[in-house]
Amino acid sequence: MRVKIRGEVKEIKEGERLISILSEPDIIAARVNGKLVDLSYQPQEGDVIEPITFDDDDGKQIYWHSTAHIMAQAVKELFPNAKLAIGPAIENGFYYDFEVDRPFTTEDLEKIEAKMYEIIAKDLTFERVELPRDEARRMFEEMGEKFKVELIDEISDDVVSCYKQGDFIDLCKGPHVPSTGRIKYFKLLSTSGSYWRGDETRERLQRIYGISFTSKEKLDHFLQLLKEAEACDHRKLGTQLEYYSIGEPGPGLVLWHPKGATIRRIIEEFWIKEHIKRGYQLVYTPHIAKAELWQISGHFEYYRENMITFKMGQEDYVLKPMNCPFHILIYKSKIRSYRDLPIKYAELGTVYRYERSGVLHGLLRVRGFTQDDAHIFCRPDQVETEICEIIELARYMMEKFGFREYDVTLSVRDPADKESFAGRDEDWQHAEAALENVLKKLNIPYKRMVGEAAFYGPKIDIHLRDAMGRKWQGPTIQFDFNLPERFDVTYIGADNTPHNVVMIHRAILGAMERFMGTLVEHHKGAMPFWLAPVQIVVATITDAVIPYAEEIYRRLTGLNYRVELDTSNEKISYKVRMVAEKKIPYMVIVGKKEMESRRVAVRKRGEGDLGSMEWDAFMELLRGEENPLT
RNA sequence: GCCGGUGUAGCUCAGUGGUAGAGCAACGCAUUCGUAAUGCGUGGGUCGAGGGUUCGAAUCCCUCCACCGGCUCCA
C-alpha cells in the first residue's frame, strides 16, 4: 500500500498504524489529507500524511489539550465529586473547568500536579473510543457527568468520540498525543471562577489554568517571560515613572501627572495635526445631556446599566457614555447637501461609563476616559474611500507610535439571525462588502467574525496587546444604521429629495487612557524621543561647572526640548543611574573638561556613553531623532 | 456582579496574640567627586475602614471598601 509522507511516496503494510511509521519520539500526531489524527490511525491507500510535533501550532494545541485531560484525570482521582465541564487548549496552554464542592487552593494545585506526574509516569495510552450517541449519553449519565450529557444532547452525529486513558474517560473530538508519558514538563498556573457555558446565570465552576512543554528549557523560558512581563506592567511603570495614578479619586478614574500629561499632550497634538490634514473638523461637546437625548438615541433602552445618571433640578441627566448623539446634533443644525459630504467631526471626547467593578484594569479598562472619536457622515458611494482613508490613518499613526503588530477582526452579522441586527439588508451587504474590500485591497490579514457585529452595524476592530499578551481593542471602525434612523439624519440629494446619510463611528487610538497603557507596555516605559516627557537631563560633575550647565540647559530649552537640570550634590554615577531608571533618552554630562573646551559629554539611552562632542554634533544627533510632529 | 488572592511609611516589602520595622525616597550635615547607588544623622504609620473575641489584635473572627488573577460584561 502506498501513502505519501512528508511529500515522499512510501510503501507501508496494510493495517500498520502511524505510530510505527512515524516513530520519532517528538511526533505526537499527524495531519492526514488535511485532517488531524492520532498516531493510532491506520493509513489508507493514497493518504497524504504530514507528521505533527509540538513545534506546529496544531501540535501545541494537541499537546496542551492532552495535558488538560491528564489534569482532569488527576482532579477526578483526588476529588471524586468533581464534575467535568470543558477543558480546551488556549493560546498559551490550557484550562479545565470543574464543578467542585469547594474552590481549589494553592495546596490543591500542588497535589494535582503530583498526581499528574504519577499519571505521566504510568505512560497510559490515550485510546480513542467511538460510541453510539445514546450509549455515550447513558454512560456519562451513569457517571453523573451532567455537563457531558448536556454536550452530547447538542451533538447531532450518531457516533461520538471519547478518549480514555487508564480508567478516565472524557467526551472529546481529539486528537491526542499517543500516551500520557509524552507530556514532559508542565505547570499549573492559576485558578479562577467561571460559569458553565460562560453564562452567569448557570453553574459556577472552578477553572485551573496550566501550560506544558516538551523540554524544561521551554517551560523555564515561558515562566521567565511571564515574570519579565510583570516588569512591563503599565500600572507599575506608571507609578515608577510618575506618569499617572489610577483609582485615587475613585475606581477606574485616572489622574494624569505632569509627565503623563506631557506625553498625552504630544499625542493629542499629533492627532489633531493628522486629522486636520485629512479634512476632519474638530468639535467640542458637553459632558452631560438631558436624558431625553439618550432616549432618542436608544442608549437608555440598550445601554442603561452602563450609564451614570443624575438629577439636575427636576430633570434627569446623563453623564455622556458616548459622543455620537452630540455630533449628530451638530450635523443636524442645518440642512446638508450631497455636495457637503463627507462631513467628518472629530473630538477628543471624555466619556464616563459604569463598568462593573471586577472588570476595571489599570488604564486599559476605566470608568472615565477620552475617546479619540470621530463620526463620518457620507453618501453610500463615498463609503469605500472613507474606510480606506481611516485604515490608512490608523496604520500611519500606529506605525509612528511603534506598533507594528496587531490583530484585525472584521465583525459581520449572522445572516441567519437578522432579528438581532438593526438596519436594512442592502445597507448591511453594502457596508460589509466595503469593509472587506478595503481590507483585501490593502492586503491586511484579518479574522472574519460572523455574528460579532454590533447590533447597529458591522465593524473592523484592531487589537493591541499588553505585556501579558492580553488583547485590548484600540482602533475601531463601525457602521451605524441605527442612530441616523433614530435621529433622522439626512442630506438632500441631487434629486432634491432627502436621503439617509451613512454614519461611521471611528476611533484611531481608541481611548487616550487605554492607548497610553499599551504604549507604556509596548515601550517598557522608555518613550521614543519625541514622546519622552523629559528628553534630556543635563548633569554636573562638580559645583564649579554649574554656570556652564545652566547655559546648556537654557540653550536646549530655548530650542523647545524638554530638559531637566541636575546640579545636585551627588556623584555622577548616581545621576547616571537615576537617569537610566527614569528611562530618559539623553543625558548631557558636564565637568571641567567640557566647560573648558565648551563641549558636551553625551550619554544615550540604550547605547551608553557616546563621549565628548561639539555642540553642533550633539544638535545633529537630536535632529536625527524621528519627530512626526514636525 | 461572580470565584479566589492581597491590603503595613511616598515606593518596594519584612513582621502570625505582648512597646510598629528595613531598604529606597524626603529633609539636614559632611563630601566636590568623570558615566548604573558617597557617608553620617533626622523626620515620617489610626498597620484599607468599621465592628467583634481577648487582660492585650497589624496578627484571630465578621461586615464593608479597594486592588490583583480569572469569569461575565465591553449595545
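Chain A is the first sequence line, chain B the second, and so forth, proteins listed ahead of strands; every chain is numbered from 1.
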Does the base of [N] carry an N or O that pairs as donor and acceptor with the side chain of [X] under 3.5 Å?
X: Glu594(A); N: G34(B); value: yes
X: Arg353(A); N: C73(B); value: no
X: Tyr195(A); N: G1(B); value: yes

Counterpart base for [N], defined by Watson-Crick or G-U wobble contacts under 3.5 Å:
N: U53(B); result: none
N: C2(B); result: G70(B)
N: A58(B); result: none
N: C47(B); result: none
N: G17(B); result: none
N: U42(B); result: A26(B)
N: A36(B); result: none

Expressed as a whole number of angstroms, how long is the span from [X]:[atom1] to [N]:[atom2]?
X: Phe104(A); N: C2(B); atom1: CZ; atom2: P; answer: 21 Å
X: Arg470(A); N: C68(B); atom1: CZ; atom2: P; answer: 10 Å
X: Arg235(A); N: U6(B); atom1: CZ; atom2: P; answer: 17 Å
X: Glu107(A); N: G5(B); atom1: CD; atom2: P; answer: 10 Å
X: Lys592(A); N: C33(B); atom1: NZ; atom2: P; answer: 5 Å

For atom [atom1], what is the distance between [N] and [M], given to the nearest Å?
N: C67(B); M: C24(B); atom1: C1'; value: 23 Å
N: U46(B); M: U32(B); atom1: C1'; value: 45 Å
N: A20(B); M: G52(B); atom1: C1'; value: 23 Å
N: C64(B); M: G7(B); atom1: C1'; value: 14 Å
N: G50(B); M: C55(B); atom1: C1'; value: 23 Å
N: C2(B); M: C73(B); atom1: P; value: 16 Å
N: A49(B); M: C11(B); atom1: P; value: 15 Å

Checklist line | Ring centers of His522(A), Phe403(A) separated by less than 6.0 Å | finding: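 Between His522(A) and Phe403(A), the centre distance is under 6.0 Å.
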Check: Taking Glu614(A) for the side chain and Arg599(A) for the main chain, is one N or O donor matched with an acceptor at less than 3.5 Å?
Finding: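 The answer is no, because no donor-acceptor pair under 3.5 Å joins these two groups.
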Check: Quick one: which of Ile86(A), Asp97(A), Leu84(A) gives a side chain to side chain contact (heavy atoms under 4.5 Å, CB included) with Leu205(A)?
Finding: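 Result for side chain to side chain contact (heavy atoms under 4.5 Å, CB included) with Leu205(A): Asp97(A).
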Note to self: Looking at Tyr303(A), I'd like to know whether one of its side-chain N or O atoms comes within less than 4.0 Å of OP1 or OP2 on C74(B).
What the structure shows: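 Indeed not, no polar side-chain atom of Tyr303(A) lies that close.
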Checklist line | Distance test, side-chain N/O of Ser192(A) to OP1/OP2 of G4(B), below 4.0 Å | finding: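 Answer no for this pair, as no side-chain N or O of Ser192(A) is under 4.0 Å from OP1 or OP2.
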Check: Has Tyr302(A) got its ring stacked on A75(B), by the test of a centre gap below 5.5 Å and a plane angle below 30°?
Finding: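 Tyr302(A) ring centre within cut-off of A75(B) base, planes near parallel; stacks.
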